[in-house]
Amino acid sequence: MAVDVQALYTQFGPLVLRRCRKLLRDEDQALDAMQDVFVLLLRNEARLDDGAPSSLLLRMATNVCLNRIRGAGRRPEDPEEETLQQIACADDAESRSLARSVLGRIFGRELESTQAIAVMHLVDGMTLEEVAREVGLSVSGVRKRLRTLKANVAALQEV
Amino acid sequence: MERNRTPDWLLERLVAGDLPDSEAAEIQRRVAAEPDGPQRLAAIRASNEAILAAHPAPRLAAAIRHRAEGQAPKKRRFSPFALTLAAPAVAIFLVLFLQDTTPDVPGEQLPPEVIRLKGDGPKLLVHRQRAGEPERVAEGSEARARDLLQLSYQAGGAAYGVVVSVDGNGNVTRHLPANGTTAAALDPDGAVALPASYELDDAPAFERFFLVSAAAPFSVEQVVDAAAWLAKSAAPESGELPLPPSLRQTSFLVKKVP
């Protein structure tokens, strides 16, 4: 599917920017990350389908922002930001391998990153059912994935 | 975060018109039953308009395309050997002279060192180490292959910066930070020499250095991509990097001669 970036930006750019603002809390970084998301789309257009662009873009934005949070080492200012940092920096074998290719996960129809799933559940307040529907896993599959991060993310003790 | 409140994620998808019909109807029912549900939907729609007004689609789409067409730096051309040879002299020179920020003496008649593309503030300084005394290089000066240049910056109030250069072969070289994905924290005081000097290669026509800076951290890749785009554009010697207005950019051109 060819990407009409102007049309996609017009329809989904604000959605992506708000997502980046929420996670990065910095306007310049958010604007930069938003453009990164669309650049990733352009560079992978051959593998993009038109099933649910908003969900795809939200997940891409989440992964792009997590990568930035991981690299920034910023001091968290509130519990939500602390949770985000814990998720971004969580070290599990799966994350290490998946981190090599964010796009491989998304465009290659591989499993969504565990960190992105954790953000959806812990930061966005989505239920396990809602997360499962967004990422195409079963509820038990989402729960199992989240348990892999338990050792690193205190908020996941409830899962 | 309120666990029972409809998540923003789903509201966003609803407003974007990108939910399956059955799910959209379910979310609409939930939102309508929440005290601030309609207001949240209205806020998203208003935000959409504000964002598109502040960042118009044609401009953003062009910037995104330019960034997507950019390439990673093809090579780094720092010369550890040359640096080893030159480091003592350059270091002595920097201690003696670079901290001196007093104006040039009358009659020196050097042209301005920096093209300030977006106002005053951060700037680049370039010095050349030759067999004799290190010399300050003026904007637009001539240089040759194997000249050893030492770049320095003055932060001018900026907190973070990236230094890259483009050459006449269309190559991009990253100078600061040497590693990592985020712009370097700039030292606010005086002229600060970059950790490594830089040996010019035999690329023709020019070498143009850019200092991109901002008050907050930003992506190095964004700058490298913008430089790659400019390097292949029609005016790499005079054009600006396609970067958002929040990033200030200054440049310094050196003309290459055989």
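The basis for the numbers below is simple: all heavy atoms, side chains too, and nothing from hydrogens, waters or symmetry mates. Everything quoted here is computed from the prediction, not taken from an experiment. Below, chain A is the first sequence line, B the second, and so on; all start at residue 1.
Of the atoms belonging to A/Phe12, it is side-chain heavy atoms, and not backbone ones, that fall under 4.5 Å from chain B. With a 4.5 Å cut-off on non-hydrogen atoms, B/Glu221 touches chain A through its side chain but not through its backbone. Residue contact with chain B, scored on non-hydrogen atoms closer than 4.5 Å, involves the side chain of A/Asp26 exclusively. For B/Ile44, the parts lying under 4.5 angstrom from a heavy atom of chain A are both the backbone and the side chain. The contact between A/Leu15 and chain B is made by backbone and side chain atoms together, counting heavy-atom distances below 4.5 Å. Contact of B/Pro56 with chain A is made through the backbone alone, with heavy-atom distances under 4.5 Å. Residue B/Leu60 touches chain A through its side chain alone, counting heavy-atom pairs closer than 4.5 Å. For A/Leu58, the parts lying near chain B are the backbone and the side chain together; criterion is any non-hydrogen pair under 4.5 Å.
For the pair B/Glu139 and B/Lys123, the salt-bridge criterion is not met [side-chain N within less than 4.0 Å of a carboxylate O]. Ion pairing between a basic and an acidic side chain is recognised when a charged N comes within 4.0 Å of a carboxylate O; B/Glu12 and A/Arg18 show such pairing. With respect to the salt-bridge test (charged N to carboxylate O, under 4.0 angstrom), the residues B/Glu237 and B/Arg208 do not qualify. A salt bridge is defined here as a Lys NZ or Arg NE, NH1 or NH2 lying under 4.0 Å from an Asp or Glu carboxylate O, and A/Asp32 with B/Arg67 meets this definition. For the pair B/Arg5 and B/Glu34, the salt-bridge criterion is not met [side-chain N within less than 4.0 Å of a carboxylate O].
In this structure, a donor-acceptor pair under 3.5 Å is absent between the side chains of B/Tyr198 and B/Gln150.
Ranked by heavy-atom pairs shorter than 4.5 Å toward chain B, the options A/Glu130, A/Met34, A/Gln6, A/Arg19 are led by A/Gln6. Contact count against chain A (heavy-atom pairs under 4.5 Å) is highest for B/Ile51 among B/Ile51, B/Asp8, B/Leu52.
Note that OH of B/Tyr160 and CZ of B/Phe218 are 10.5 Å apart. Values are rounded to the nearest 0.5 Å.
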